[in-house]
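Written below as structure tokens is the structure these notes are about.
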Amino acid sequence: MKALILAGGFATRLRPLSCSRPKTLFPLVNRPLLQWIFERLADGGVDEVILAVNALTQFYIRQQKPCKCGLKVRFSLDPPKNPLGTAGPIKKAEKLLGHDEPFIVLNGDIFADIDYKALIEAHKKANALATMALCSVEDPSCFGVVELCKDNYITRFIEKPPKGQVPSNFINAGAYVLDPGVFDFIPEGRAVSIEREIFPRLVVAKQLVGHCIDGLWMDIGKPAEYLEANRLLLSSFAHKIVNPKNVLAEIKSPVALEQGVVVGEKSILGPYAIIGKNVKIGCNVTISNSIVFSDAEIGDDVKLNGAVVGEGAYIGRHADIGDGCIIADQAKVKENVHMRDGATVCPAKEISENVL
Ligand code: GTP
């Protein structure tokens with residue numbers, strides 16, 4: 001079984017953290033999202049993965065080398081300067097995917113506890129070219145929403161319907177099983193949106209069915225969603241997260257600390273502090289509801305609450321960084337700086353004044 005993972009988007013909504021890292025490599029509780037995805041695909045009987053990338057995302061993925069979980073991994077590159085959207089890369093990878101059997105396609109920016117074996121079974125039983133994993137959410141208005149009739153055929157697919165006009169609470173979970181016949185629906189050599197062009201055509205042809213999933217499902221497309229996804233995962237897997245014993249700080253669970261973290265006296269970590277590899281934290285620091293990527297350095301008396309601190313970033317003494325603030329990779333926040341309300345610092349930039 002083969003799977004194609006869409007990993008060539010620009011992740012504009014996650015800037016500036018995504019300036020130096022594709023969404024699929026964003027850490028979720030200290031492991032790249034791609035690794036969580038690989039694990040689930042391998043469990044679901046997939047043996048080969050095709051990563052649909054652009055030159056930059058390919059570069060970062062090759063460099064970071066997430067554990068492949070026994071999968072054979074190939075790359076399919078969008079043409080330079082011509083991103084192919086969410087369906088164009090499927091057509092581009094037609095030869096790699098082959099025509100012998102159905103294959104899985106999924107977005108590289110969702111965490112989904114999908115039982116892929118069940119999804120494939122559902123596809124084999126249905127008489128359609130495509131099966132879409134569906135997830136039920138409270139407010140579907142920011143997603144692709146479906147209307148289902150009996151036998152689970154999708155009768156309508158509406159991308160981001162206005163509030164009050166949503167036909168159901170079932171949304172596109174960003175994972176599909178497709179028959180090779182779908183290749184004929186996708187024009188070649190240009191950007192094509194699977195949501196806006198291909199699904200509506202499959203609906204008209206009565207070739208799209210839905211399969212409801214009930215495990216954890218999270219989109220990490222926006223900063224608030226990214227923080228929330230980490231929070232949920234940390235709560236779900238808290239029992240498996242091992243904290244190094246030599247850390248003297250006060251720990252308010254749940255907290256995840258990677259290897260090599262050093263913490264000074266009187267610091268308080270948690271609740272919901274996720275600290276990456278080799279992070280150095282000074283004395284009297286408080287970190288809650290925040291994510292700190294590997295190799296960052298946090299000075300004495302710093303307060304972080306609701307923030308994301310990028311890889312190798314530096315936060316000077318007495319800095320106070322609040323809700324929704326993002327400090328990108330290698331950025332530097334100088335001593336005593338206060339930041340609030342989603343303020344951001346670009347990669348490798350230095351900031352020495354308050355941003356309130
Ligand atoms: P924003 O710019 O923040 O909207 O993000 P995005 O365009 O990167 O992601 P979006 O949610 O629109 O796309 C869903 C998935 O498809 C993500 O995993 C993207 O990486 C991927 N994707 C989006 N556009 C392309 C593309 O042009 N080529 C390829 N290969 N993948 C894409």
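For ligands, and for the atoms within them, numbers begin at 1 and follow the listed sequence. By convention here, the first residue in the shown sequence is residue 1. Atom set for the values below is all heavy atoms of this structure, side chains included, hydrogens, waters and symmetry mates excluded.
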Is atom 18 (O) of ligand 1 in close reach of the protein, with a heavy atom under 4.0 Å away?
yes
Taking D47 first and then K72, would you say they form a salt bridge - that is, a charged N and a carboxylate O separated by under 4.0 Å?
no
Ion pair E258/K277, N-O distance below 4.0 Å
no
What are the atoms of ligand 1, with element, lying closer than 4.0 Å to any heavy atom of A11?
1 (P), 2 (O), 3 (O), 5 (O), 6 (P), 8 (O)
Below the 3.5 angstrom mark, is there an N/O of D109, backbone or side chain, next to an N/O of ligand 1?
yes
Give yes if a backbone or side-chain nitrogen or oxygen of L14 is under 3.5 Å from a nitrogen or oxygen of ligand 1, and no if not.
no
For G108, atoms of ligand 1 separated by under 4.0 Å from a heavy atom:
18 (O)
Heavy atoms of other groups near E335 CD, more than 12 under 6.0 Å
yes
Considering only non-hydrogen protein atoms, determine which one is nearest to atom 2 (O) of ligand 1 and report residue, atom name and distance to 0.1 Å.
T12 OG1, 2.6 Å
Note: heavy atom closest to atom 23 (C) of ligand 1, options G9, P22, A191, belongs to G9
To which protein heavy atom is atom 4 (O) of ligand 1 closest, and what is the distance rounded to 0.1 Å?
R13 NE, 3.2 Å
Taking only distance into account, with no hydrogens and no angle test, what donor-acceptor pairs under 3.5 Å do side-chain atoms of residues 341-356 form with protein atoms, sequence neighbours excluded?
| from | atom 1 | to | atom 2 | distance (Å) |
| --- | --- | --- | --- | --- |
| E350 | OE2 | K334 | NZ | 3.4 |
| N354 | OD1 | H338 | N | 2.8 |

From L134 atom CG to I171 atom CD1, the distance as rounded to the nearest 0.5 Å
9.0 Å
Are any of the N or O atoms of F10 closer than 3.5 Å to those of ligand 1?
yes
Would you check if the side chain of S236 reaches a backbone N or O of L232 as a donor-acceptor pair within less than 3.5 Å?
yes
Short N or O distance, A52 and ligand 1, threshold 3.5 Å exclusive:
yes
Pick from P83, G85, A93: the one approaching atom 25 (C) of ligand 1 most closely through a non-hydrogen atom:
G85
Could you check atom 28 (N) of ligand 1 against the protein and tell me its nearest heavy-atom contact, residue, atom and distance included?
D78 OD2, 2.6 Å
Identify the closest protein heavy atom to atom 13 (O) of ligand 1: which residue and atom is it, and at what distance?
T86 CG2, 4.2 Å
Is ligand 1 under 4.0 Å from a heavy atom in the side chain of L6, in the backbone, in both, or in neither?
both
What's the verdict on side chain to side chain donor-acceptor pair (under 3.5 Å) for N54 and D78, showing C-alpha distance, side-chain angles and the deciding distance?
CA-CA 5 Å; N54 62 41; D78 281 10; over 6 Å; no
If hydrophobic clusters are built from ILVMFWY residues whose side chains come within less than 4.5 Å, do L34 and Y116 share one?
yes
Among Q58, K23, R15, whose heavy atom sits nearest atom 5 (O) of ligand 1?
K23
Between Y272 and R231, is there a cation-pi geometry (under 6.0 Å to ring centre, at most 45° from the normal)?
yes
